Amino acid sequence: MKSRACYLLTVMRKAFQNFAWGQSSFNENVLKNMEIRLPVDSNDNIDYTYITAFIKAQEKLSIKNVIDWKDKIINTSKKCI
């Protein structure tokens with residue numbers, strides 16, 4: 001459920017990134033007609049399996065990047081000592 005929410009919030013944030021509060025073009029009608037694309041399965045239902053797998057893959061990449069960064073700091077520190 002958490003991964004679904006993360007994915008949906010990210011997609012929504014991306015869709016609304018060109019808007020700024022107070023713009024005359026940013027009103028209820030614009031919001032109602034805003035298109036947000038989601039992955040679908042072969043039956044045209046939202047593909048929650050894909051969404052979950054995608055977010056898990058992104059989390060793993062983030063963790064790997066943090067570990068790589070930490071290792072780089074440790075190795076740099078060892079060279080200085």
Side-chain angles (χ1 to χ4, degrees):
M1 198 66 155
K2 176 183 149 192
S3 59
R4 291 178 187 179
C6 183
Y7 188 93
L8 294 174
L9 287 171
T10 302
V11 170
M12 290 171 62
R13 211 176 273 136
K14 179 79 173 157
F16 295 129
Q17 74 183 359
N18 294 326
F19 290 109
W21 292 104
Q23 284 183 332
S24 60
S25 64
F26 192 71
N27 60 44
E28 188 177 349
N29 289 330
V30 172
L31 291 175
K32 285 181 180 180
N33 294 316
M34 188 61 136
E35 183 176 306
I36 297 176
R37 294 180 169 217
L38 298 172
V40 294
D41 61 18
S42 58
N43 297 319
D44 284 336
N45 295 315
I46 297 174
D47 193 346
Y48 291 111
T49 302
Y50 171 83
I51 289 172
T52 301
F54 180 83
I55 292 299
K56 284 183 181 180
Q58 293 302 309
E59 288 172 342
K60 287 179 182 180
L61 284 173
S62 293
I63 291 168
K64 181 188 177 310
N65 288 338
V66 169
I67 291 170
D68 290 347
W69 176 74
K70 178 100 171 145
D71 289 345
K72 183 177 177 181
I73 289 176
I74 290 170
N75 289 332
T76 302
S77 297
K78 286 181 181 177
K79 289 178 185 177
C80 293
I81 296 176

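Being a predicted model, the structure only gives us computed values, none of them experimental.
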[atom1] of [X] to [atom2] of [Y]: how many Å apart, nearest 0.5 Å?
X	Y	atom1	atom2	result
Leu38	Ile36	CG	CD1	7.0 Å
Arg4	Ile46	CZ	CD1	9.0 Å
Gln58	Thr10	CD	OG1	9.5 Å

- Is there a donor-acceptor pair closer than 3.5 Å between any side-chain N or O of Asp41 and the backbone N or O of Asn43? yes
- Message: So which atom in Ser3 and which in Ile51 form the shortest heavy-atom distance, rounded to 0.1 Å?
- Response: O-CG2, 4.0 Å
- Note on the structure: Closest heavy-atom pair, Ile55 versus Cys6, reported as atoms and distance to 0.1 Å, is CD1-SG, 4.2 Å
- Query: Which residue pairs pass the side-chain hydrogen bond (donor to acceptor under 3.5 Å, both in side chains) test with at least one member in residues 64-74, sequence neighbours excluded?
  - Reply: Lys64-Asp68
- Could you list the residues that satisfy salt bridge (Lys or Arg N to Asp or Glu O under 4.0 Å) with Arg37, not counting sequence neighbours? Glu35
- Would Asp47 and Val40 count as a side chain to side chain contact (heavy atoms under 4.5 Å, CB included) if you check the C-alpha gap in whole Å, the side-chain angles of each, and the deciding distance to 0.1 Å? CA-CA 5 Å; Asp47 193 346; Val40 294; 5.6 Å; no
- How about Ser77 and Ile73: do any of their side-chain heavy atoms sit closer than 4.5 Å? yes
- Query: Quick one: are Thr52 and Tyr7 in side-chain contact, heavy atoms under 4.5 Å?
  - Reply: no
- Does Met34 CE have over 12 foreign heavy atoms under 6.0 Å away? yes
